[in-house]
A.B. asks: 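Quick one: the structure is below, questions incoming.
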There are 2 protein chains.
Amino acid sequence: MNGRSAMRLARLQDVLAGGGTIHLSEAAKLCGVSEMTIRRDVAASDGAMTFLGGHLMMADNPQFAPVYDLDEQQGSHYLAKQRLCQGAASFIAEGDTLFIDCGTTLMPLLGMLDEFEELTVVTYALNVANAVGSLSNVRLVLLGGLYHHSSQSFGSGEMYDAVRRLGINKAFISAAGVDLARGVSCFHFHEVAPKQAALETALYRILVVDASKLGIVRPALFAELDAFDVVVTDAKAAPRLNARVGSEHQPPRVMVA
Amino acid sequence: MNGRSAMRLARLQDVLAGGGTIHLSEAAKLCGVSEMTIRRDVAASDGAMTFLGGHLMMADNPQFAPVYDLDEQQGSHYLAKQRLCQGAASFIAEGDTLFIDCGTTLMPLLGMLDEFEELTVVTYALNVANAVGSLSNVRLVLLGGLYHHSSQSFGSGEMYDAVRRLGINKAFISAAGVDLARGVSCFHFHEVAPKQAALETALYRILVVDASKLGIVRPALFAELDAFDVVVTDAKAAPRLNARVGSEHQPPRVMVA
DNA sequence: CATCTAGTGTTATTTTTCTAACATTTTTTT
DNA sequence: AAAAAAATGTTAGAAAAATAACACTAGATG
């Protein structure tokens, strides 16, 4: 590899550093050389960059890693979540300050935020931050702390105060378990503080769960069901949630998405 | 789109929900139908999924977005940074707690961290967090706050105290300008607090800059040059840095990478 | 029961991408 | 400055993917 080749590679890698792809023809135009030269440069890049169907990208881009172990990831329900989030999104209004919980349930919601002029999102999840960080119309506040791989989120107990200092408008909370008697729960204890703080400060509290979570209790209980104003769920779970009787508390409204 | 088509799409979207790609042939095998049927399903998915060179992926994958505005990111020097970071990495020892600054200069350093058994990284940059978050051998602490698109980093003045509560071992700092008289500077004022706090608490302070920064003063001055123990730089900048005379302070050692 | 139709499979054609070979230009060496 | 080497460009052919056309199948309809 010579100097100019290295220069071109560096230039392309700069362009692609934040992820993304560039077509071979664009790359060639950008560097002012032929497509063949770009191909040769990439071949000499020692595996740093690769082509995928004519599109150039950084090889370590995790988003392009082929999925091989197919059996592993079954059981999550992308389309169901998409539908739930469509329901949840109907509560968002222009200018809102939203608290977005960690997990995968609420991820589709983030793709629906670009329809608003101006929003503020508060989160403690890395995946949420990444999705929101690319939106120019959304002000992002990330609550930091120690990173937990398991939930792709940050923080622990101290986060409680940090959340309460923020003027959160509507809180979108997800959960790993919802039990009518025991309450709402998640897997990890470090999620309890931010969730509880959000529930206390938010003006409007929205629980987003699908039917598979119903009747389940997970290690970290963080709220009673009636701590929420609305539960957004699917048709399967709605009747069981509505069947609650004799509660002296004001129950959350059940919304079927 | 019929029921079975929807089922197949949901299955594929489950598999690809966390990013990643699957080849058309694999997808066909997985669903037990022909490749043509998968193509038709995807075409009917209303833009939710796309092909890129025979590989199937979610269309809203942010990493998939082609890079068009090429002119913007010019002028940075990937290979030069790689070399600088190799020099910088030589200061890292097993078990260290590192402060990693924002910007692109130190990104190559993160790829070198997987050689250690156990490290802790403290940062306030989203791109750093993403890179480190995928390493299982590194404990990650992210300093949160308001997100700044310009530098892909979080926070402001309050961060000062947050940094000082952490036991930072070695601080790797980057800069947009280094002037022998005026000191070391960056573009954005919100970077000043974390940088200064890291300089005050860290046991060992390493400035990593290439020659293009030398003699330049940026809006936000954050330190004198002799606040650092070492300056890792390239051969072009080294002589000019070493030419300093008559300083009553202990000057930083200049390391050529 | 025959017919229709949506869904799927098969085959063929076009387009695009990939690879290899060779020609040309530029740089380095003698 | 000539020769050699390296880098780049051009062209041609092979491979792969995208598209289109047509054939088959199973459930729905009259």
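In what follows, every chain begins at residue 1, and chains take the letters A, B, ... in the order their sequences are listed. Remember, it's a predicted structure, so these values are computed and weren't measured experimentally.
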A.B. asks: Quick one, A:C102 and A:V128 - any side-chain contact, counting heavy atoms below 4.5 Å?
C.D. replies: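 Of all side-chain heavy-atom pairs linking A:V128 with A:C102, none is under 4.5 Å.
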A.B. asks: Considering just the side-chain nitrogens and oxygens of A:T37, establish if one lies under 4.0 Å of OP1 or OP2 belonging to D:dG9.
C.D. replies: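 For D:dG9, OP1/OP2 do have a side-chain N/O of A:T37 under 4.0 Å.
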A.B. asks: Give, for atom CD1 of A:I206 and atom CZ of A:F91, the distance between the pair rounded to the nearest 0.5 Å.
C.D. replies: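 It is 5.5 Å, given to the nearest 0.5 Å.
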A.B. asks: Compare the minimum distances between each of C:dT10, D:dT8, C:dT8 and the side chain of B:R8, then state the nucleotide with the smallest one.
C.D. replies: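 Between C:dT10, D:dT8, C:dT8, the one nearest the side chain of B:R8 would be C:dT8.
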A.B. asks: Can you work out whether A:L24 or A:R40 has the more 5'-proximal nearest nucleotide on DNA chain C?
C.D. replies: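 Final value for this comparison: A:L24.
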A.B. asks: Any idea which of C:dT10, D:dA18, D:dT8 is nearest the B:F51 side chain?
C.D. replies: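 For B:F51, the side-chain atoms sit closest to D:dA18.
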A.B. asks: For the pair made of CE in A:M36 and C1' in C:dT17, what is the distance, rounded to whole Å?
C.D. replies: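 Result: 11 Å.
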A.B. asks: In whole angstroms, how far is the C1' atom of C:dT8 from the CD atom of B:E35?
C.D. replies: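 The distance from CD of B:E35 to C1' of C:dT8 comes to 14 Å, rounded to the nearest Å.
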A.B. asks: Side-chain N or O of B:R39 less than 4.0 angstrom from OP1 or OP2 on C:dT10?
C.D. replies: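 Checking B:R39 against C:dT10: no side-chain N or O falls below 4.0 Å of OP1 or OP2.
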A.B. asks: Please report, rounded to the nearest Å, how far the P atom of C:dG7 is from the CG atom of B:D41.
C.D. replies: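 In whole Å, C:dG7 P lies 10 Å from B:D41 CG.
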A.B. asks: Output the rounded distance in Å from CD1 (A:I38) to P (C:dT17).
C.D. replies: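 Going from CD1 in A:I38 over to P in C:dT17 covers 15 Å.
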A.B. asks: Is it the case that atom CD in B:E117 sees more than 12 heavy atoms from other parts of the structure closer than 6.0 Å?
C.D. replies: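 At most 12 heavy atoms, drawn from other residues, nucleotides or ligands, come within 6.0 Å of this atom.
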A.B. asks: Side-chain N or O of A:H23 less than 4.0 angstrom from OP1 or OP2 on C:dT16?
C.D. replies: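 For C:dT16, neither OP1 nor OP2 has a side-chain N or O of A:H23 closer than 4.0 Å.
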A.B. asks: Kindly indicate whether the side chain of A:I22, heavy atoms from C-beta on, has any atom under 4.5 Å from the side chain of A:H55.
C.D. replies: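 Contact flag for A:I22/A:H55 side chains = no.
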